[in-house]
Amino acid sequence: MMRSVHEDDQAAKFEVALVHLDRNNHRTALNHLSSLQKSGVMKDEEFRSLLVEYMMNVASSAMEDNKIGVATDAYEEAFAVLNQEEDPGRCLDLARRGCIKGHKLLAMEEERDQDYETAIQHRYRVYQLLDMANLCIPACQQLIMVAYCYGQMGNYDQSADTLSDAIRRVFKGVQSMEYMPKNRLPILIKCYHMRAVCYAKLKKWRDAFDQYDEVLPLIAREEGIFTGAYNSVLIHKAALLVTTGRHAEAIDALKKYLTLSEEKGNDLQIDESDHILALDTYAAAQLKVGNIDKAIATFEMKLAIAKKMQKSDEIRGETMHKLGCLYAYKKRHNEALPMLTQALDTRKFLYNGNSKFLFETTWAVAATSHAMGEKDIALKEYGTLLEKMHKIDGSPIDSAVIQNSAGKLYFEEGKLDQSIKSFREALKAVESSGNDLLKANIMLNMANAMMARCDFDKAIALYDDLAEKPSLRGSKEHYLALFNKSLLLLKKGDNEEAKLILGELTSRRSSVTPDVKGGVYLTLGNISVSEGNIPEALEFFDMSLGMLSEKKMEDLNSIVKAKKSIAMTYFETGEYDASIDKLEEVLGDLSKPGLEKKQVNILKAEIWSSMSRVYHKKDDLASAKNFSKLALQAYKAFLGEKHPTTLRHVSNLAVLLLEEAEGLPKSKSKAIIDAAKFEMEDALESFVGLDDLWTYRLDVAALKTNLGFVAVWQGKPKKARKLVRQVKEIEIPVTHPLVRRIASLEERVQKLEKSK
């Protein structure tokens, strides 16, 4: 059968498109077909039908070739042509479906690339196509995706408006909730929940709570309470309650859910992320109402769950950080430090060196190590903090707090110049914050460092400034300034003025904190000992112990000091057995389970050193030497061989060894004296290497005095005399016990010189 000229002409128009299509040039084929729409032939119904057919073929082929953009455009053009027909037939539905599929695929691709603006255009077009077909539920699902994209862009106003459009579409044709089709309820629930989140992000708290109050009863009516959907919404509402300070309500909201989650576990059909949010919210609320133990228990549950989750390093790092900080707050330092160290290691893997999350955990490790007496770790981490604190954007830790804490650690380590430098930097940093209490604490710490460096005038000026500030009246810093000033006055020999201040502090019955008052009584006891009033001293020490042993205090370090003072008072009065009994009681206190940390071992070393002194006085040289060795071993292990305290005890043990050697034949004593001499020379070199001879002048004097006795024993009068001259050049308080020992050395040197 022969084709008409008209048919041949139409076929020729599409021949070019077919050629491009055969070559998989889909875009070129579509462009050619699109250009045909500009000709007058579009008035021909048969031509339009063929055009749609060819466009649909291009769309189908492009979709198979994964050319989604070309396919979508082809479907859209076919749909546009068909939409103008009076009777498009089934082809219109096929074109619409193709458009919907294409736009959905393109939207998903843009969402993966986080180009949400373009994704919104595709999603909204899908919504229009579905709405035109009166497909309510699928259409509203697309509006929800549009709202999601706006949320990802941070445009919560537009997101909430889009959700409102979706809600209106859900209610289209429905007079009230009673007549709402059951299959539309999940969409409505989703919209209310998402709109609540949007309002919360916009800080429209009342609107957000209204949405939660709409959706929770709706879920309960359709699914029952504590179903998966109900729990998810309840958890988010509880999080908002915490955000708005309604902590007790948040706890009540989550209590039943958490109880059921422990009983039923996965049967609650809750998403892992929602369950983690529930635990975080519950812990935060418990913290806000002061239930620290419940918060700890909740974070422990969260950590156990996080360890079983895949790709949970971020959650684990955050949870271990919070848990470690809470352990430290509860003084469970032996649990805190390993937990925080794990958190730090995890966060080092996750974040770059200048991350605020890494910074906050480094701070927590430094502070906890400091509290435990792990000063090497603390010094290392404080060093990291001081180096990086100006590089951190939005640092969670105040630089003044870091400098102040580092200064305190340097002070404890005897690094007074570094300590004062840190305190000065802290004062500069605190000026802009307006934190008066922190500023007062920094000033107090700097005054203490000035006192230790014997800058008495500067220290007193700082103490007076603090004591006279009206805003600090009644604060702990006010009383500590007065107390520490009294200690400085005692150091200067102004005992009467010091006692006046101490008397004033003890007369304040309620306002002085127990730890400060305990320190005051301890100081008054030491003054009484120096004045020979032993009964009064013991009475003061007992009062100090009573203050320091209050349950809210439980300051082991101060309690040990008080008991040690009682023991050494017995020692001063010759009651050596009573002194030993009290020191053994302290060792018992320090040997209780759970007290194995570094600081406790250092306190034990102090007690062993005191026991060595007592046994030495009892003429039990063997026991004195053994306890001195125990003390020295502990100091070496926990402070290091070059620490000033360790070096000081090298000298103490050497005195005992020299005394032991003097009672032995020369053949046996030589090895003991040579060993003692070697240890003392090494200690002396180390003290000189500390580059702070004024601070350690008494230690240097003690070592040179002991080396002088060694020189006498070796029969070297010139060396002994040289050491005596060097010792006499050192400023030593006239009341110091070393003065008598130097006088004894000089007598021995004179005898040796005469004998030569």
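On a predicted model such as this, the values are computed, not experimentally measured, just so you know.
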Student check: side-chain heavy atoms of H649 and T645 closer than 4.5 Å: yes

Applying side chain to side chain donor-acceptor pair (under 3.5 Å), can you list everything that pairs with Q633, at least two apart in sequence or on another chain? none

Given K642 and D682, is the salt bridge (Lys or Arg N to Asp or Glu O under 4.0 Å) satisfied, shown in steps? CA-CA 10 Å; K642 300 301 181 184; D682 186 55; 3.2 Å; yes

What's the verdict on salt bridge (Lys or Arg N to Asp or Glu O under 4.0 Å) for K380 and D376, showing C-alpha distance, side-chain angles and the deciding distance? CA-CA 6 Å; K380 173 179 172 289; D376 290 341; over 6 Å; no

Looking only at heavy atoms, which two atoms of L340 and H321 are closest? And how far apart? CD2-O, 3.5 Å

Over 12 non-hydrogen atoms of neighbours within 6.0 angstrom of CD in E413: yes

Would a 4.5 Å heavy-atom cut-off, applied to side chains only, mark S422 and K408 as touching? no

Kindly indicate, with the supporting measurements, whether the criterion side-chain hydrogen bond (donor to acceptor under 3.5 Å, both in side chains) is fulfilled by K302 and T319. CA-CA 7 Å; K302 180 188 169 188; T319 308; 3.1 Å; yes

Identify the two heavy atoms, one from L323 and one from I296, that lie closest to each other, and give their separation to 0.1 Å. CD1-O, 3.6 Å

Counting C-beta onward and ignoring hydrogens, is there a side-chain heavy-atom pair between R453 and D417 closer than 4.5 Å? yes

Mind checking salt bridge (charged side-chain N to carboxylate O under 4.0 Å, His left out) for R316 and listing every partner two or more places apart, or none if nothing turns up? D313

Give the minimum heavy-atom separation between S419 and A449, together with the two atoms involved. OG-CB, 3.9 Å

Quick one: list whatever passes salt bridge (charged side-chain N to carboxylate O under 4.0 Å, His left out) with E584, sequence neighbours left out. none

E412 atom CD, neighbour heavy-atom count above 12 within 6.0 Å: yes

Residue pair L502 / F483, side-chain heavy-atom distance below 4.5 Å: yes

Least distance between heavy atoms, S610 atom then K564 atom: OG-CE, 3.2 Å

Is the number of heavy atoms from other residues, nucleotides or ligands under 6.0 Å of K563 NZ greater than 12? yes

For the CZ atom on R697, are there more than 12 heavy atoms of other groups (residues, nucleotides or ligands in this structure) within a distance under 6.0 Å? yes

